Amino acid sequence: MSDTLTADVIGRRVEVNGEHATVRFAGVVPPVAGPWLGVEWDNPERGKHDGSHEGTVYFKCRHPTGGSFIRPNKVNFGTDFLTAIKNRYVLEDGPEEDRKEQIVTIGNKPVETIGFDSIMKQQSQLSKLQEVSLRNCAVSCAGEKGGVAEACPNIRKVDLSKNLLSSWDEVIHIADQLRHLEVLNVSENKLKFPSGSVLTGTLSVLKVLVLNQTGITWAEVLRCVAGCPGLEELYLESNNIFISERPTDVLQTVKLLDLSSNQLIDENQLYLIAHLPRLEQLILSDTGISSLHFPDAGIGCKTSMFPSLKYLVVNDNQISQWSFFNELEKLPSLRALSCLRNPLTKEDKEAETARLLIIASIGQLKTLNKCEILPEERRRAELDYRKAFGNEWKQAGGHKDPEKNRLSEEFLTAHPRYQFLCLSTCVYTGGLQVVDFQLEQSFFLEYGAPEDWELKTQQPLMLKNQLLTLKIKYPHQLDQKVLEKQLPGSMTIQKVKGLLSRLLKVPVSDLLLSYESPKKPGREIELENDLKSLQFYSVENGDCLLVRW
């Protein structure tokens, strides 16, 4: 093996029997004659040693069993981008399953790639390709200069995940030739990123960049995205990222940022990205985050941080304090939240209670865990919350007379929305609660401070087994006798209809239900969803079911 070849292969990515590794050494290993490659495996269980042999250190590995010596003829150094495209899309007929259309994932979006059948109909017409997937195709370099630009000028989306690319420069050599490239996925490539401030290329139209499991650091992220002036989505999952500096001239156009499975991230680091002007979606799943605080906003105020954030994902974390959700109320644009599999939101018998508390705590929320918050669910959540903590509110100095209301700082900190629910007017419209913006078809609902009789009989947010005494009337059949029934609050509308169908000898499909409360005379609420419970619609003792057919 020549010195030139030796210098060339160090740092290269290789494949051996389906396993990926990085070349750390090339040369002889006495006493065995002939050339050897010393490789560090991506999977350390694949190796046998740490780069040492008989007391001599030939290279170093991060894991004591991460290294192996392999003969060069056993190693696949990969192929160039254009050759991989030709092998994947243009060559002669392959097995039947190879010609079917496939679905691949770029970022979090499914993309339908052009199948082999379509390619066979346009032999060698690579210029028509717009979306390609070369995942796990052993791509290691760009190939002949200018070859990609000439053969595939219209490619817009590329999946290059899990290949043998070894440097960001090589990625740029490929991407620079694709003038229309909008989506680029290079996940699961162990890349060497530029350490200086010099840009090697500009991806002027790139909108989506996926760098999951590439080993990139935050400083390297900022250097790389400086060449992507129109970037809208950035995926950085599983890179052990520590946010070390504030992005000033970069990431200003990013709308989605995925930092999932970066266990070093904490709330202090989030402050460094809190003023990205267009950031609408932030994904922080599996980061270990447990707390969040916006020090610039007091109780009942909105923060200046994350001004455009609409959707926050904090699944699989360590959130165990309700103060976390109180802080989210301060985000001015937040409309959707996903917080599954946290200590406070486990999928157990208390899951519904946790959901109601979160809804009551964040007034502007429209979607929770991908489920729409319907107006009656919000009303129920806020009424239950108001009753559940009513005694605590009174003990803390709460009073329905505003002039006598002297709430303690401790209570206001723990329940920042409680005063609003007790003393303000909530506006509902088109299924969504609004307070400070105009929409049509509004009606008003005043909760008011909790009454003493409510606090004596109400158990905090646990109404599932409560029996409700209800009157049953028939507005269109005045000769029917008014009934009085005790029904569980957890009984679904469908089961209520079944019961009434048997009593009245009327088909279930003909029944229409609504209810009215003596507390709100003249207001009738339709029970329109058969799968929801009486409790969901906030039906209470003494209310009247109205049955029509």
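Here the structure is a predicted model, which is why all the values come from computation and not from measurement. The basis for the numbers below is simple: all heavy atoms, side chains too, and nothing from hydrogens, waters or symmetry mates.
- The two residues Trp218 and Phe242 have their closest heavy-atom pair at CB-O, 3.3 Å.
- The distance from atom CD of Gln213 to atom CG of Asn240, rounded to the nearest 0.5 Å, is 10.5 Å.
- The two residues Ser361 and Leu357 make their nearest non-hydrogen contact at OG-O, 2.8 Å.
- Ion pairing between Asp42 and Arg13 holds under the 4.0 Å rule for side-chain N and carboxylate O.
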Test log, rule side chain to side chain contact (heavy atoms under 4.5 Å, CB included), inputs Tyr385 and Leu356: CA-CA 8 Å; Tyr385 183 83; Leu356 294 178; over 6 Å; no
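- You'll find the side chain of Leu259 reaches within 4.5 Å of the side chain of Ile243, heavy atoms only.
- Within 6.0 Å of the CD atom in Glu45, the count of heavy atoms belonging to other residues, nucleotides or ligands does not exceed 12.
- The closest donor-acceptor contact from the side chain of Asn262 to the backbone of Asn239 lies under 3.5 Å.
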Is there a salt bridge (Lys or Arg N to Asp or Glu O under 4.0 Å) between Arg355 and Glu352? Walk through the geometry before answering. CA-CA 5 Å; Arg355 178 178 173 86; Glu352 185 177 1; over 6 Å; no
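- Here the CG atom belonging to Leu270 is positioned 5.5 Å from the CG atom belonging to Leu284, to the nearest 0.5 angstrom.
- Leu164 has its side chain out of reach of Phe77: every pair of non-hydrogen atoms, C-beta onward, lies at least 4.5 Å apart.
- At least one donor-acceptor pair closer than 3.5 Å links the side chain of Asp266 to the backbone N or O of Asn268.
- Arg417 contributes atom CZ, which lies 9.0 Å from atom CD1 of Ile362 (distance to the nearest 0.5 angstrom).
- Counting only distance, with no hydrogens or angles, the side chain of Gln321 and the backbone of Ser291 share no donor-acceptor pair below 3.5 Å.
- Using a cut-off of 4.0 Å between Lys/Arg side-chain N and Asp/Glu carboxylate O, Asp8 and Arg12 are scored as salt-bridged.
- Looking at every heavy atom in both residues, Leu344 comes nearest to Trp322 through CD1-N, 3.7 Å.
- Ion pairing between a basic and an acidic side chain is recognised when a charged N comes within 4.0 Å of a carboxylate O; Arg380 and Glu377 show no such pairing.
- Side-chain atoms of Asp176 and Val148, non-hydrogen and from C-beta on, never get closer than 4.5 Å to each other.
- Put simply, the side chain of Ile241 does not reach to within 4.5 Å of the side chain of Leu264, judged on heavy atoms.
- Smallest separation of non-hydrogen atoms from His293 and Pro295: O-CD, 3.3 Å.
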Under the criterion side chain to side chain contact (heavy atoms under 4.5 Å, CB included), I'd like the reasoning laid out for Glu40 against Cys61: C-alpha separation, chi angles, the key distance, then a yes or no. CA-CA 6 Å; Glu40 181 179 8; Cys61 293; 3.9 Å; yes
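- Side chains of Thr287 and Asn317 form a contact here, defined as non-hydrogen atoms less than 4.5 Å apart.
- Within a 6.0 Å radius of CG in Asn17, other residues, nucleotides and ligands contribute 12 heavy atoms or fewer.
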Under the side chain to side chain contact (heavy atoms under 4.5 Å, CB included) criterion, do Leu178 and Leu184 qualify, and how do the steps go? CA-CA 11 Å; Leu178 304 174; Leu184 175 61; over 6 Å; no
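- A donor-acceptor pair is defined here as one N or O able to donate and one able to accept, closer than 3.5 Å; no such pair exists between the side chain of Gln252 and the backbone of Pro277.
- Neither side chain, Ser238 nor Asn212, offers a donor N or O lying under 3.5 Å from an acceptor on the other.
- Here the NZ atom belonging to Lys302 is positioned 10.0 Å from the NZ atom belonging to Lys330, to the nearest 0.5 angstrom.
- Between Ile85 and Cys152 the shortest side-chain heavy-atom distance falls below 4.5 Å.
- In this structure, the side chain of Asn342 engages the main chain of Leu340 through a donor-acceptor pair within 3.5 Å.
- Under the rule for a side chain to side chain donor-acceptor pair (under 3.5 Å), Glu329 has no partner lying at least two apart in sequence or in another chain.
- With rounding to the nearest 0.5 angstrom, the SG atom of Cys137 is 12.0 Å from the NZ atom of Lys162.
- Counting only distance, with no hydrogens or angles, the side chain of Gln263 and the backbone of Asp286 share a donor-acceptor pair below 3.5 Å.
- Across every non-hydrogen atom of Leu82 and Ala151, the tightest pair is CD1-CB, 3.7 Å.
- Taking 4.5 Å as the limit, some side-chain heavy atom of Pro194 sits within range of a side-chain heavy atom of Cys224.
- Residues satisfying the ring pair (Phe, Tyr, Trp, His ring centres under 6.0 Å) test with Tyr58, not counting sequence neighbours, are Phe25, Phe69.
- Without hydrogens or angle criteria, Asn189 side chain to Leu160 main chain gives a donor-acceptor distance under 3.5 Å.
- In terms of modelled atom types and a separation under 3.5 Å, the side chain of Asn163 and the main chain of Ala138 share a donor-acceptor contact.
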Can Phe193 and Val221 be said to form a side chain to side chain contact (heavy atoms under 4.5 Å, CB included), step by step? CA-CA 9 Å; Phe193 292 92; Val221 167; over 6 Å; no
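- Atom CD in Glu232 sits 10.0 Å away from atom CG in Leu206 (nearest 0.5 Å).
- Here the shortest heavy-atom pairing between Pro416 and Ile299 reads CB-CG2, 3.9 Å.
- By the neighbour-count criterion of 12 heavy atoms within 6.0 Å, atom CZ of Arg278 is sparsely surrounded, having that number or fewer from other residues, nucleotides or ligands.
- Side-chain N or O atoms of Ser68 include none that pairs as donor or acceptor with a backbone N or O of Val39 at under 3.5 Å.
- For Asn315 (side chain) and Ser285 (main-chain N/O), no donor-acceptor pair under 3.5 Å exists by modelled atom type.
- Residues Ser161 and Arg135 have side chains that bring a donor and an acceptor to within less than 3.5 angstrom of each other.
- For the residue pair Ser167 and Glu170, no side-chain donor N or O sits within less than 3.5 Å of a side-chain acceptor on the partner.
- Crowding of Glu19 atom CD: a count of heavy atoms from other residues, nucleotides or ligands under 6.0 Å exceeding 12.
- Looking only at side-chain heavy atoms (C-beta outward), Val186 and Leu211 come within less than 4.5 Å of each other.
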